[in-house]
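Here the structure comes first, spelled out in structure tokens, and everything after it is commentary.
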Amino acid sequence: MENKIINLGIFGFGVVGQGLYEVLNRTKGINARIKKICIKDPNKSRPIDSSYFTTDKNEILEDPTIDVVVELINDTEAAFEIVSTALRNGKAVVSASKRMIAENLPTLYQLQAENKVPFLYEASSCASIPIIRNLEEYYDNDLLNAVEGICNGSTNYILTKIFEENLSFATALQQAQDLGFAETDPTLDIEGYDPKFKIVILLLHAFGTFVKPEEVFNFGIHHLNDFDIQFAKQRNCTIKLIAQCRRQNGHVSAYVLPHLIKEHNLLFDVYNEYNGILLESAFTDKQFFVGKGAGGTATGSAVLSDISALLYNYRYEYKKIKQNNQPSFTNDVKLKIYLRYKTPNQVDLAEFFSISEKYESSEWRYVVGTINLQKLKEAGWLKNKDVNVLVLE
């Protein structure tokens, strides 16, 4: 596509779609223009000329003059149909749909190979942080041990407001929604599903291992209460929702859980809607990336970066897959956790390998101990709203 103007067909014109429109119009030197935008509601008022819009997906998918399909919608099934059809039609695709990508990675990988067209999705993982490109290019031969960090701007904004401004969870959540960082239904964010989809994607580019989202345990900040917050503050810690994948002994594990973070940790000072990612490798020890993880222009800039890369015929090479030494996935790892509960019958302490600390009062109880990740994943007691878990460093 080098040295030509690319025609874009965009699906969706919400927060990210409008962010892309804004950054595209403010950026000089990118030979790309929007030809058509497919939306659901033709009667909704929008800030640009109505001639851009259509409700017929085939006006984009079947138009031979459109070079790149940009998929930015919330409907997972519809997004997969759009992306897979575009790839089969020989069009390059850029997407920000982390759930759709995570749930269909093997198929999407195959479609790229079969149709010899690029599919880029940097915006799906950490918004403005170019983490996939770094894993693909800079760490293609490095012995990575772990990828971990904050990759959900909504929950980090909420936790920042709770710890820095003493806001209640409900007030902080409402602020995040008002600013467009969190959806009207915040379940995917606060229960840890959104960062789980992202870590599934990063795990493939870091280690070459395909993992289904349902194999990865996620538990968010939806059970957090004042007792947990005080527990953290008394230990000079903050709480961050962390997604992690780590390789050990030929296996790789992954999870999303709230962590107690100490001041020496680089993630301690990642505030508001920012994301922070730590890479740990055999040769370079730790490297740290930080950038905005929510908001229209932050995500739109990542989409635009992918569009720009297509001008130079860039595509993911998935080098870790081709090296044929992918670690197998496991949940058989030990975690040191804080477990807070109300009454003894709410939890099964026999699941722990060991318990190093115990506390009881008339209102709350907690233990600190070591437990197997698979046992935690299977624990029915975590569904009880009076039970919460935090990982200790």
Does the structure place the NZ or CZ of Lys334 under 6.0 Å from the centre of the six-membered ring of Phe353, at an angle of no more than 45° from the ring's axis?
yes
What is the minimum heavy-atom distance between Asn388 and His223, and which atoms define it?
OD1-CB, 3.6 Å
What's the verdict on side-chain contact (heavy atoms from CB on, under 4.5 Å) for Ile261 and Cys237, showing C-alpha distance, side-chain angles and the deciding distance?
CA-CA 5 Å; Ile261 301 292; Cys237 293; 5.9 Å; no
For the residue pair Val94 and Tyr121, establish whether any side-chain heavy-atom pair is separated by less than 4.5 Å.
no
Quick test of your reading of the model: are Glu165 and Lys161 salt-bridged, counting only N-O distances below 4.0 Å?
yes
Glu357 vs Val367 side-chain heavy atoms within contact, under 4.5 Å
no
salt_bridge(Asp75, Lys40) N-O dist < 4.0 Å
no
For the ring pair Tyr359 and Tyr366, is the centre-to-centre distance below 6.0 Å?
yes
Counting N and O atoms only, with roles assigned by atom type, does the side chain of Thr297 sit under 3.5 Å from a partner on the main chain of Gly300, one being a donor and the other an acceptor?
no
Looking only at heavy atoms, which two atoms of Cys151 and Asp194 are closest? And how far apart?
O-OD2, 4.0 Å
Side-chain contact test, heavy atoms from C-beta onward, threshold under 4.5 Å: evaluate it for Trp364 versus Asn225 and give yes or no.
yes
Side-chain contact, heavy-atom cut-off 4.5 Å: Phe197 with Ile101?
no
Are Arg246 and Phe207 in a cation-pi setup, meaning NZ or CZ lies under 6.0 angstrom from the ring centre and within 45 degrees of the ring axis?
no
Considering non-hydrogen atoms only, spot the tightest contact between Gln248 and Val333 and give its length.
OE1-CG1, 4.5 Å
Counting the benzene-type ring for Trp, do Tyr109 and Phe210 have ring centres under 6.0 Å apart?
yes
Taking Leu257 as the starting point, is it possible to reach Ile229 by hopping between hydrophobic residues whose side chains are less than 4.5 Å apart?
no
Below 4.0 angstrom, N of the basic side chain to O of the carboxylate: do Asp63 and Lys35 qualify?
yes
Shortest non-hydrogen contact from Leu8 toward Ala32
CD1-CB, 4.2 Å
Can Lys336 and Glu393 be counted as an ion pair, charged N to O under 4.0 angstrom?
no
Side chain to side chain donor-acceptor pair (under 3.5 Å) between Gln112 and Tyr318, worked out
CA-CA 11 Å; Gln112 294 171 73; Tyr318 298 97; 3.0 Å; yes
If we ignore hydrogens and angles and just use 3.5 Å, is the side chain of Asn152 paired with the main-chain N or O of Thr155 as donor and acceptor?
yes
First locate atom CD1 of Ile34, then atom CD1 of Ile6, and finally report the distance between them rounded to the nearest 0.5 Å.
12.0 Å
Pairing donors with acceptors under 3.5 angstrom, does anything connect the side chains of Gln174 and Asp178?
yes
Given side chains that start at C-beta, do those of Ile242 and Val256 come closer than 4.5 Å, heavy atoms only?
no
Atom pair OG1 (Thr238) and NE2 (His259), whose distance is rounded to the nearest 0.5 Å:
13.0 Å
Using the rule given for side-chain contact (heavy atoms from CB on, under 4.5 Å), can you reason through Trp381 versus Leu339, listing the C-alpha separation, both sets of side-chain angles and the distance that settles it, and then say yes or no?
CA-CA 11 Å; Trp381 31 267; Leu339 178 69; 3.5 Å; yes
Take Glu81 and Lys57, measure what salt bridge (charged side-chain N to carboxylate O under 4.0 Å, His left out) needs, and give me the verdict at the end.
CA-CA 11 Å; Glu81 183 186 351; Lys57 63 183 180 181; 2.6 Å; yes
Tyr139 and His205 aromatic centres sub-6.0 Å
no
For side-chain contact (heavy atoms from CB on, under 4.5 Å), just list the numbers for Ile190 and Ile158, CA-CA rounded to whole Å, side-chain angles, deciding distance to a tenth of an Å, and then say yes or no.
CA-CA 9 Å; Ile190 65 172; Ile158 292 166; 4.1 Å; yes
Heavy-atom donor-acceptor pair, Asn265 side chain to Lys262 backbone, under 3.5 Å
no
Find out whether Ile307 and Val70 are in side-chain contact, i.e. whether some heavy atom of one side chain is under 4.5 Å from a heavy atom of the other.
yes
Distance-only, no hydrogens or angles: does the Lys98 side chain make a donor-acceptor pair with backbone N or O of Lys196 under 3.5 Å?
no
Distance flag, aromatic centroids of Tyr157 and Tyr274, threshold under 6.0 Å:
no
Between the main-chain N or O of Lys44 and the side-chain N or O of Arg46, is there a donor-acceptor pair closer than 3.5 Å?
yes
Asn372 side chain to Asp332 side chain, donor-acceptor N/O pair below 3.5 angstrom:
yes
On a heavy-atom basis, which atom in Ile132 and which in Ser124 lie closest, and how many Å separate them?
CD1-OG, 4.3 Å
Measuring only between side-chain heavy atoms, which start at C-beta, is Val200 closer than 4.5 Å to Val216?
yes
Donor-acceptor pair, distance only, cut-off 3.5 Å: does the side chain of Glu280 make one with the backbone of Ala146?
no
Quick one: CD on Glu122 to CD on Glu136, what's the gap to the nearest 0.5 Å?
9.5 Å
Are any side-chain N or O atoms of Ser97 and backbone N or O atoms of Arg99, one a donor and one an acceptor, separated by less than 3.5 Å?
no
Before you tell me yes or no, could you show the steps for Ser168 and Thr171 under side chain to side chain donor-acceptor pair (under 3.5 Å), namely the whole-Å CA-CA distance, both residues' side-chain angles and the distance that decides it to 0.1 Å?
CA-CA 5 Å; Ser168 68; Thr171 301; 2.8 Å; yes
Arg235 NZ/CZ over Phe231 ring centroid, <6.0 Å and within 45° of normal
yes
Polar side-chain atom of Thr209 near backbone of Pro327 as donor-acceptor pair, under 3.5 Å
yes
Please round to the nearest 0.5 Å and tell me the distance separating atom CG of Leu335 and atom CG of Leu390.
12.0 Å
Ion pair Glu273/Lys292, N-O distance below 4.0 Å:
yes
Neighbour count >12 (heavy atoms, 6.0 Å) for atom CG, Asn249:
no
Evaluate whether atom CD of Glu77 has more than 12 neighbouring non-hydrogen atoms of other residues, nucleotides or ligands under 6.0 angstrom away.
no
Does a donor on one side chain and an acceptor on the other come within less than 3.5 Å for Arg247 and Ser253?
no
For Asn272, is there any backbone N or O sitting under 3.5 Å from a side-chain donor or acceptor partner on Thr160?
yes
Establish, from distance only, whether the side-chain atoms of Tyr314 and Glu137 form a donor-acceptor pair under 3.5 Å.
yes
Closest approach of Leu159 and Ile239, non-hydrogen atoms and distance?
CD1-O, 3.3 Å
Run the side chain to side chain donor-acceptor pair (under 3.5 Å) check on Asn345 and Thr343 step by step: do they pass?
CA-CA 6 Å; Asn345 63 347; Thr343 59; 2.6 Å; yes
How long is the span from the CD1 atom in Ile201 to the CD atom in Glu103, to the nearest 0.5 Å?
10.0 Å
Among side-chain atoms of Glu378 and Gln374, is any donor-acceptor pair under 3.5 angstrom?
yes
Does the Gln326 side chain pair with the main chain of Ile321, one donor and one acceptor, at a distance under 3.5 Å?
yes
I'd like to know if the side chain of Thr54 pairs up with that of Asp56 as donor and acceptor (distance under 3.5 Å, no hydrogens or angles considered).
no
Lys375, NZ: over 12 other non-hydrogen atoms inside 6.0 angstrom:
no
